[in-house]
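A short worksheet on the structure shown next.
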Amino acid sequence: MNMADRAWDTRRSNTAQRLARARSALGAVLAGKLLPAAHINDLLYSVLEPGDRVCLEGNNQKQADFLAKALASLDSTRINGLHMLLSVLALPEHLDVFERGIASQLDFSFSGPQAGRLARLASAGKLNIGAIHTYLELFGRYFIDLTPRVALVVAQSADRNGNLYTGPNTEDTPAIVEATAFKSGIVIAQVNEIVDVLPRVDIPADWVNFVVQSPAPYYIEPLFTRDPAKISELQILMAMMAIKGIYAEYGVQKLNHGIGFNTAAIELLLPTYAESLGLKGKICKYWALNPHPALIPAIEAGFVESIHSFGSELGMEEYIRARSDIFFVGPDGSMRSNRALCQAAGHYACDMFIGSTLQIDLQGNSSTATLGRMSGFGGAPNMGADARGRRHASPAWLKAGQQARDRKSAIPHGRKLVVQIVETFREHMQPAFVETLDAWQLAEQTGMPIPPVMIYGDDVTHILTEEGIANLLLCRSDEEREQAIRGVAGYTPVGRARDRRMVENLRDRGIIQRAEDLGVDKRSATRDLLAAKTMKDLVRASGGLYNPPKSFRNW
């Protein structure tokens, strides 16, 4: 074919055909871009074609649940072979589309509540997995080779022109909509309400094709709330070691925390234990973090100067509104989160990530994808990865880089601190340390070209357990690294197989540090150290602005 004869707008022409089909099918029920909920299936049959790449918005804090139900109810003889793009697999409908033959291909990031069912469907051949991505990796591919043909998104409100207000949970919406709308795709938005005037415009109407008001508000889960009453003394001991052995040691000021009880304990020890060590103003000032309620006492104590968030948290709305110096809020007072921007901030602008995992091997590789449970990774791999292209310096970054380089004559550059904090045994006495990750067997079962590793071992700088801290930056050989990991693995089979003399040598060199080496008195690791011991204490600390969900109230 002569290039002069090539059509250069086939995608745009095809979109015009789909939109014309929709207008014809919907007729007078379509008021501009506004569609009654009862006609959603008519719209989906009009704009979808078999084999389409479809992005269905769903993440930690909001779900396009009405659109998910509608998609899962379609006739698979008319719509099939869809390639689904999902940040989070959280609802049954996210997998129903595969069970019913409507979709066949999946690329995703996190699958917490559906992890077991996903593993069963994958091993049964009901779906093909392209890859388990990080959030940022998936967003990146939207703009390269996984651009959605149709995007099903969710927002708080729309006006009558189709402008969208996402409220505090902006999260993934901007990345999804921009990739779709600017590559001739079709955007359909589910909203809680249609109003005359929006508090602010987060997504302009020109980028949105259809808006439907769902019969019920979108589903939201308080994912980042940790009840202080459930924090154990073992977790408090580990938090004390983290603060004294890592935070203070490196002077960490810019950081991200994972969402577990281990890091909640650290947050609740800042106004007490860290304050007693004279660390206020020296650590933990700038955060890339969801609005964890456990951080309220540290905010009120003046430890925290700024928090940019991936999304919001149920019950924190009024507290965030009243602390605009800390959080990023719009003129209307509600938070403006953005997962893509916060992931980029966590990757490039933070000096430390500390989080947990399900399994760690002898090289320090870790994964939350285990046999029978494919949880995915979410954003942890981007938070827990050294940004090799970083150019700006900070004391914490430079010190970690200096330890990693030893006396080598390489060009000086820093290193991000990536800390895994785990108890040596998980629930049901499953060891956290293993000789070989289940990820290898999962890759073989599902046909993935590489094992699904969450954080690669060469990015991990420290492993912290109740046994102590292993500083992997200071290890000078693979053998030292393996023994350092075995040295903090406790009474797991991996820990029991350690070379005792070599582990003691590593301890003498400061590569392994026990609580007593850090001057941490184990007897003081009690719940008395927590700045808030109950949910009610968190409410009091917030001045009554924090409104916990009913499931967290026992008073």
Side-chain angles (χ1 to χ4, degrees), residues 232-250 262 354-367 370 399-400 402-407 415 417-440 453 455-525:
S232 69
E233 293 188 343
L234 198 62
Q235 289 163 336
I236 293 169
L237 172 64
M238 292 164 65
M240 294 169 73
M241 287 194 284
I243 289 171
K244 198 162 187 185
I246 301 176
Y247 291 60
E249 179 68 21
Y250 292 88
N262 290 320
I354 180 168
S356 197
T357 185
L358 295 181
Q359 287 187 335
I360 301 177
D361 69 11
L362 294 174
Q363 289 76 50
N365 300 301
S366 61
S367 186
T370 59
K399 179 168 182 172
Q402 188 179 32
Q403 290 184 339
R405 287 196 317 279
D406 192 18
R407 289 178 290 277
R415 180 76 186 264
L417 294 161
V418 177
V419 184
Q420 292 280 19
I421 179 169
V422 294
E423 295 170 45
T424 52
F425 285 93
R426 300 186 280 115
E427 60 181 2
H428 308 306
M429 291 304 290
Q430 291 292 311
F433 292 87
V434 294
E435 300 276 345
T436 305
L437 296 176
D438 286 359
W440 287 94
V453 170
I455 296 179
Y456 291 114
D458 54 5
D459 278 322
V460 177
T461 62
H462 296 74
I463 295 176
L464 196 166
T465 73
E466 70 272 23
E467 299 289 327
I469 300 172
N471 184 342
L472 305 183
L473 288 170
L474 298 175
C475 296
R476 295 296 171 247
S477 68
D478 290 344
E479 186 183 13
E480 283 190 358
R481 187 180 178 87
E482 177 181 322
Q483 290 301 324
I485 294 171
R486 289 188 189 276
V488 295
Y491 292 94
T492 63
V494 164
R496 293 201 304 271
R498 64 186 178 276
D499 180 325
R500 293 181 182 276
R501 288 187 61 187
M502 192 165 180
V503 166
E504 283 308 309
N505 176 266
L506 294 174
R507 187 179 174 187
D508 290 341
R509 292 162 54 196
I511 293 174
I512 291 177
Q513 291 182 298
R514 309 295 185 196
E516 50 270 35
D517 301 331
L518 294 165
V520 172
D521 183 356
K522 292 181 178 177
R523 294 170 301 179
S524 63

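We count residues from 1, following the sequence as given.
Minimum heavy-atom separation, Ala470 to Ala484: CB-O, 3.5 Å. Contact detail for Ile360 and Gln420: the closest heavy-atom pair is CD1-CB, 4.2 Å. The two residues Leu474 and Glu480 have their closest heavy-atom pair at O-OE1, 4.2 Å. Nearest heavy atoms, Gln483 versus Val503: O-CG2, 3.7 Å. Heavy atoms only, all atoms of each residue included: Asp458 and Arg415 are closest at O-NH2, 2.6 Å.
Rounded to the nearest 0.5 angstrom, Leu437 CG and Ser366 OG are separated by 7.5 Å. Rounded to the nearest 0.5 Å, atoms CG (Asn262) and CD (Gln235) are 5.0 Å apart. A distance of 8.0 Å separates SG in Cys475 from CD1 in Ile512, rounded to the nearest 0.5 Å. Interatomic distance, CG of Asp459 versus CG of Asn365, reported as 9.5 Å (0.5 Å rounding). Separating the OG1 atom in Thr492 from the CE atom in Met429 is a distance of 10.0 Å, to the nearest 0.5 Å. Within the model, atoms CD1 of Ile469 and OG1 of Thr461 stand 10.5 Å from one another, a figure rounded to the nearest 0.5 Å.
Side-chain N or O atoms of Glu423 include none that pairs as donor or acceptor with a backbone N or O of Glu466 at under 3.5 Å. Between the side chain of Thr465 and the backbone N or O of Val422, no donor-acceptor pair lies under 3.5 Å. Side-chain atoms of Gln359 come within 3.5 Å of backbone atoms of Asp438 as a donor-acceptor pair (strictly under, hydrogens ignored). Counting only distance, with no hydrogens or angles, the side chain of Asp361 and the backbone of Thr436 share no donor-acceptor pair below 3.5 Å. A donor-acceptor pair under 3.5 Å is absent between the side-chain atoms of Arg509 and the main chain of Leu506, judged by distance alone.
At least one side-chain heavy atom of Val488 sits less than 4.5 Å from a side-chain heavy atom of Arg514. Considering only heavy atoms from C-beta on, Ile455 comes within 4.5 Å of Val418 through its side chain. Annotation: side chain of Leu417 is in contact with side chain of His462 (closest heavy-atom distance under 4.5 Å).
Partners of Glu249 according to the salt bridge (Lys or Arg N to Asp or Glu O under 4.0 Å) rule, which considers only residues two or more places apart in sequence or in another chain, are Lys399. Applying the salt bridge (Lys or Arg N to Asp or Glu O under 4.0 Å) criterion to Arg496, with sequence neighbours excluded, gives no partner residue. For Glu482, the side chain to side chain contact (heavy atoms under 4.5 Å, CB included) test picks out Leu362, Arg486, with sequence neighbours left out.
Counting heavy atoms of neighbouring residues, nucleotides and ligands inside a 6.0 Å radius, atom CG of Asp508 exceeds 12 of them. Counting heavy-atom neighbours within 6.0 Å of Glu479 CD, excluding the residue itself, gives a total of 12 or less.
Taking the charged nitrogens against the carboxylate oxygens, Glu516 and Arg507 do have a contact shorter than 4.0 Å, which makes a salt bridge.
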For this session: With side chain to side chain contact (heavy atoms under 4.5 Å, CB included) as the test, would you mind laying out the steps for Phe433 and Thr424 before giving the verdict?
Result: CA-CA 7 Å; Phe433 292 87; Thr424 52; 4.2 Å; yes
